[in-house]
Amino acid sequence: MARLIPLNINTNIIFPALIIIGFITIILVKYFFSVDKIILRKLKKTPYKPINRIKENEYAKIIGKAKYVHKPLTAPLSGRPCVYYHVIIEKTIKNGWTTYAEDKNIQDFFIESSNELAFINVNQANKFTKLFLVKDHNKRSGFLNDASARLEDYLESLGKSSTSFLGFNKSLRYREGIIELDEKIAVKGIGK
């Protein structure tokens, strides 16, 4: 006859362990399903095609260097020439950071690959565009750290200020990413 042996389960350990497992699961799901990771996975799955082999209305991925069509844009924080910039300015709140201002601008450009050019028409693609861009220019301002004149001018152009109404510095962080001349990029879209 079989006997059941009671298990001694410490209930003081189970509840905290479940909370930790749940917390880790949430972080992994948020990381895996972030917009950036989804874009990178889709780009990785799409095969590269030379520009001259892309057919009409075919989805394709092109890898090449960005080239200007018009006079380049100037990135507002770093002053670098580019075809696209994205700036995010965040300020501190009680439990973290929140977006204080966001600005982006893009213009038509070429991608050069194997001595061939593909024209990227952003006006047609703008409503469907999803971008993954590394924010490679970072600045901060806050307590005992005044914003530079360039940052002050930029904030003023957005109708914002780096100081409170009492004149104290707000804790702000500025992040900027760009697509600059001859930067190697990958683009996925429909050939026309």
Side-chain angles (χ1 to χ4, degrees), residues 2-49 59-64 66 75-78 80 82-106 111 120 122 125-145 147-148 151 154-155 158 160-162 164 168-180 183-190:
R3 285 191 301 166
L4 293 175
I5 301 172
L7 293 174
N8 292 330
I9 299 175
N10 188 349
T11 56
N12 294 334
I13 295 175
I14 291 177
F15 187 67
L18 288 175
I19 290 175
I20 291 170
I21 290 170
F23 184 68
I24 291 171
T25 303
I26 289 170
I27 289 172
L28 290 174
V29 167
K30 190 174 181 179
Y31 174 79
F32 187 75
F33 290 108
S34 71
V35 174
D36 293 348
K37 295 300 176 193
I38 291 170
I39 291 171
L40 289 174
R41 278 195 304 274
K42 285 183 179 182
L43 274 174
K44 191 174 182 179
K45 286 180 186 177
T46 305
Y48 162 79
K49 243 187 171 174
Y59 272 106
K61 176 174 75 175
I62 302 170
I63 299 172
L77 300 183
S78 63
R80 299 175 288 176
C82 60
V83 295
Y84 173 76
Y85 67 80
H86 184 197
V87 175
I88 297 175
I89 303 169
E90 298 171 309
K91 69 177 181 175
T92 56
I93 56 173
K94 288 180 186 176
N95 19 344
W97 295 89
T98 186
T99 301
Y100 183 56
E102 185 171 1
D103 184 24
K104 52 184 154 182
N105 197 357
I106 190 167
I111 293 184
I120 308 301
V122 296
N126 211 9
K127 57 187 165 194
F128 305 108
T129 302
K130 293 181 184 173
L131 295 165
F132 169 71
L133 191 64
V134 175
K135 305 293 188 286
D136 61 348
H137 185 81
N138 301 294
K139 295 283 184 193
R140 285 182 178 256
S141 65
F143 182 70
L144 298 177
N145 183 16
S148 68
L151 293 176
Y154 180 60
L155 283 171
L158 297 174
K160 304 286 185 179
S161 174
S162 68
S164 68
F168 295 111
N169 287 342
K170 296 176 183 174
S171 291
L172 300 175
R173 65 181 179 191
Y174 312 80
R175 296 184 296 138
E176 175 186 82
I178 68 169
I179 298 174
E180 58 188 324
E183 182 175 0
K184 190 173 183 179
I185 62 171
V187 176
K188 178 182 174 184
I190 299 173

Please identify each residue that fulfils side-chain hydrogen bond (donor to acceptor under 3.5 Å, both in side chains) with [X], with sequence neighbours left out.
X: Arg140; value: none
X: Asn169; value: Asp146
X: Ser171; value: none
X: Glu183; value: none

Checklist outcome for this item: Residue set satisfying side-chain contact (heavy atoms from CB on, under 4.5 Å) with Phe168, at least two apart, ordered chain then number -> Ser164, Leu166

Closest non-hydrogen atom pair between [X] and [Y], with its separation:
X: Lys91; Y: Tyr100; answer: CD-CD1, 3.6 Å
X: Pro76; Y: Val87; answer: CG-CG2, 3.7 Å
X: Ala186; Y: Ile63; answer: CB-CG1, 4.0 Å
X: Cys82; Y: Ala75; answer: SG-N, 4.0 Å

Item to check | Beyond-backbone contact of Leu77 with Tyr85, side-chain heavy atoms, under 4.5 angstrom | outcome: no

Checklist entry - Are Leu158 and Ile89 close enough that some pair of their side-chain heavy atoms sits under 4.5 Å apart? => result yes

Item to check | Option from Leu28, Ile27, Ile21 for which side chain to side chain contact (heavy atoms under 4.5 Å, CB included) with Ile24 holds | outcome: Leu28

Could you measure the distance from the [atom1] atom of [X] to the [atom2] atom of [Y]? Nearest 0.5 Å is fine.
X: Thr98; Y: Ile93; atom1: OG1; atom2: CD1; value: 5.0 Å
X: Ile120; Y: Ile185; atom1: CD1; atom2: CD1; value: 7.0 Å
X: His86; Y: Asn105; atom1: NE2; atom2: CG; value: 11.5 Å
X: Glu176; Y: Asp103; atom1: CD; atom2: CG; value: 9.5 Å
X: Ile111; Y: Lys184; atom1: CD1; atom2: NZ; value: 11.5 Å
X: Lys170; Y: Ser162; atom1: NZ; atom2: OG; value: 8.0 Å

Item to check | side-chain contact (heavy atoms from CB on, under 4.5 Å) evaluation trace for Thr92 with Trp97 | outcome: CA-CA 5 Å; Thr92 56; Trp97 295 89; 3.4 Å; yes

Checklist entry - If you count the non-hydrogen atoms of other residues, nucleotides and ligands that lie under 6.0 Å from NZ in Lys61, is the total more than 12? => result yes

Item to check | Results of salt bridge (charged side-chain N to carboxylate O under 4.0 Å, His left out) for Arg175 - residues two or more places apart only | outcome: Glu90

Checklist entry - Do Tyr174 and Ser141 meet the criterion of a side-chain donor-acceptor pair at a distance under 3.5 Å? => result yes

